[in-house]
Structures are given as structure tokens and as C-alpha cells.
Protein chains: 2
Amino acid sequence: MKAQSASALPAIQSAIRAVGSRVTPARVRVLAALQAAPGPQSHADVEETLTRQAHPAVDRVTLYRVLDWLCAAGLAHKATDARGVFRFSAAAPNVEHAGHVHFRCTGCGGVFCLKAPPPAPPKLPRGFRLAAVAFDIRGECPRCVKSHA
Amino acid sequence: MKAQSASALPAIQSAIRAVGSRVTPARVRVLAALQAAPGPQSHADVEETLTRQAHPAVDRVTLYRVLDWLCAAGLAHKATDARGVFRFSAAAPNVEHAGHVHFRCTGCGGVFCLKAPPPAPPKLPRGFRLAAVAFDIRGECPRCVKSHA
DNA sequence: CACTAAATGCAACGTTGTTGCATCGGCAAC
DNA sequence: GTTGCCGATGCAACAACGTTGCATTTAGTG
């Protein structure tokens, strides 16, 4: 895991530089954490991950700003979990996220991406303007099903 | 509008009594406010509505508890708006809300119910347990489209 | 190295929602 | 009509999530 993130560092740095902004430790570490994560991470998840890294902890506010900046730069995506909390995931260059299908665990709040294609949006009444569709499926992930069985 | 809510009061009181709980001013006023509202109301919306009513204001915590109680009693429904904030709507006795399709306005945060039936849920990977599906459609409602045109 | 704009850290605040506990008041029984 | 119980309310405090303002630091440039 450590070797993997280390090997991805140059790619991360050049990705940030390509957007035309400064390469800072906070941005690199946050993006690396998102890329190494198994699924969409909440602000608290990322903060905990970074705090465990011996490096000086990243400020809570800075983390919010970095995450928002990553989204604005197109390097990450923002979604909400089952409790309405924002979750962030690293943008995979070749993955289409528009109209993605998500499974949201009501136990741990985790978000899982499903392979199934999203269904077609229904007809809207006159005057409504469509921006995005999200087919959200709620339930419990295998871990949570087992944990309280 | 006043005449309408006044005429609905007995119905509200008997509906609450039918659930087998006490008829209190807070519950009656909150349910009346939900029924009179043009769409799903956030906690803040309801609080503002009640504060404007000359009657003594309902406590913030009581309002949360009443709203949750109305949902538990089946007299109201709970959903989240585009910002992840809970919104409550009076339950229409003959409307099926399971698997409902919602349109959420990113401008005003409003929630609109669509008539279209929800699509069938896709196959889940092994171990996942399905609880609910929600086909969320985001965009702008006619009012917001016009307002900033 | 020095400079400057951008990024960070810190503090404080705002909103949304919850919990614990003392008090009040529907409603039923007498 | 009065009494009394238990549910409902009000109050205070707390917790999670997110934002804003401002002083300080730092990445990148000349």
C-alpha cells in the first residue's frame, strides 16, 4: 500500500500541475488518500487517514478547501451518502461518472459504485430543467449485514 | 387560506387521535402547516411558518420531535433535499410513496414528486441487502429557471 | 535570494440534528 | 369538578458538518 501510493506520487503531482495550480503537500496527500481509498471518503475519513500518517496533520478547514478545490479542478467527485454527508472520490480519467449508480449503506454510510447502467430519466413536466440523475439504492453492505447478525 | 386551515383542524385532530396519541397544539399546528405548504418543508421552513403565527413559538427541539413523530405515525413523510437537509411533507392517505420518484431543485432546494414509476433495481453483488431505491433527478424547477434568466 | 500571490492554519461562527432532564398538560378515572 | 399519571414540551447543552475572515507561511518565478 505504501509502495503503491509512493509510486503514484509523480502522477499526482503532474496532475495537479496540469490544472495550473500549486503543488502543495496537502493537495498531494489528500488526492493520494482518495486514490488509495476503497470507496468514496467522507471529510472525517480523509482527516483520520491523514492524521495517522506521522506527517503533521492537515487542518480541518484546509481539508475542506482542498477537497472542494479538487472537485472544482475535476480531480475528484463529490456525492452525498445515506446520512446526507458529502463524500469524495478520486476522479478516474476514463470512468464516466455522470448518471452513476450508487449503493449507499445505511449502516456504515459507505458508498459503493455499481456496474449497472442507470435507467433513462422519465419525462419532466413543462418548465423543469434536468441537470443530473442519480439512481440511489439503499441497504446494507456485506460487512454491516454480517456485523449485526 | 386561513379558512381552509381552520376547516381542516377537526380532520387533523381526529387523524392524530386515530393513531392513539395525544392531541397537542404543537402536533396540530405542525401538521396543519405541512398540509398548507405548497411542497416539502425543511425544519427551518416549518419553524419560520409557526413563528409567524402570533401563537407562542414552538421549541426547536419539540419541532424536531413532532416531525419525527408524524413520520413514525405515518402522517408525514421524510426526504432529503439537494443539500442533504431533511424535508417533511404531509402524508396523502391514498398516495403510494414507496419507491417514489423525486425531482430536487438545486436552486431553491424544493422537492417535487413525479408521476413516473421508479425503474426496477439492478442486480446487487453478493452479500448486499437491498432496503430502498430512490431515483433522484436534479435540476431546476420552473420558478428557479425563470428567476435567474 | 527576494518577491508575490496563492495556500495554509487558526479562531470563530452558523446550521442541522440529538440527548438529558425538569416541568407542564392531555386525557382518563373517579 | 378534581385528581393523577404518563406522555409531551421547553430548556440547556452537546455533537457533527460546513463556512468565513484574517494573519502567516510557502510554492513558484525572476
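All values below come from the heavy atoms of this structure, side chains included, with hydrogens, waters and symmetry mates left out. Here the structure is a predicted model, which is why all the values come from computation and not from measurement. Just so we're on the same page: letters track the sequence lines, and every chain starts at 1.
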Once each nucleotide of nucleotides 11-24 of chain D is scored for protein heavy atoms under 4.0 Å, what B/S/- sequence comes out, 5' to 3'?
BB----SBBBB---
From A:Thr24 atom OG1 to A:Gln13 atom CD, the distance as rounded to the nearest 0.5 Å:
10.5 Å
Residues at least two apart in sequence or cross-chain that pass side chain to side chain contact (heavy atoms under 4.5 Å, CB included) with B:Asp45, listed by chain then number, are B:Gln41, B:Ser42, B:Arg87
Show every side-chain hydrogen bond (donor to acceptor under 3.5 Å, both in side chains) that has at least one partner inside residues 59-69 of chain A, sequence neighbours left out.
A:Asp68-A:Lys78
When you check every protein heavy atom under 4.0 Å of nucleotides 25-30 of chain C, what one-letter string (B, S, -) results, 5' to 3'?
BBS---
Distance check needed: C:dG17 C1' versus B:Leu67 CG, whole Å only.
12 Å
A:Arg104 side, atom CZ; A:Cys141 side, atom SG - distance, nearest 0.5 Å
14.5 Å
Give the minimum heavy-atom separation between A:Arg22 and A:Ile16, together with the two atoms involved.
O-CG2, 3.5 Å
Once you round it to whole Å, what is the distance between C1' of D:dA27 and CD1 of A:Ile16?
12 Å
Would you kindly confirm whether B:Val61 and B:Leu67 end up in one hydrophobic cluster when ILVMFWY residues are joined by side chain heavy atoms under 4.5 Å apart?
no
What is the distance, rounded to the nearest whole Å, between atom CZ of B:Arg27 and atom C1' of D:dG7?
8 Å
Quick one: B:Glu48 CD to C:dT15 C1', roughly how many Å, whole number?
15 Å
Whole-Å distance separating the CG atom of B:Asp45 from the P atom of C:dG17:
11 Å
Output all residues satisfying side chain to side chain contact (heavy atoms under 4.5 Å, CB included) with B:Ala33, sequence neighbours left out; order by chain, then residue number.
B:Thr49, B:Leu50
Pairing residues for B:Ala76 by the side chain to side chain contact (heavy atoms under 4.5 Å, CB included) criterion, not counting sequence neighbours
B:Leu34, B:Leu70, B:Cys71
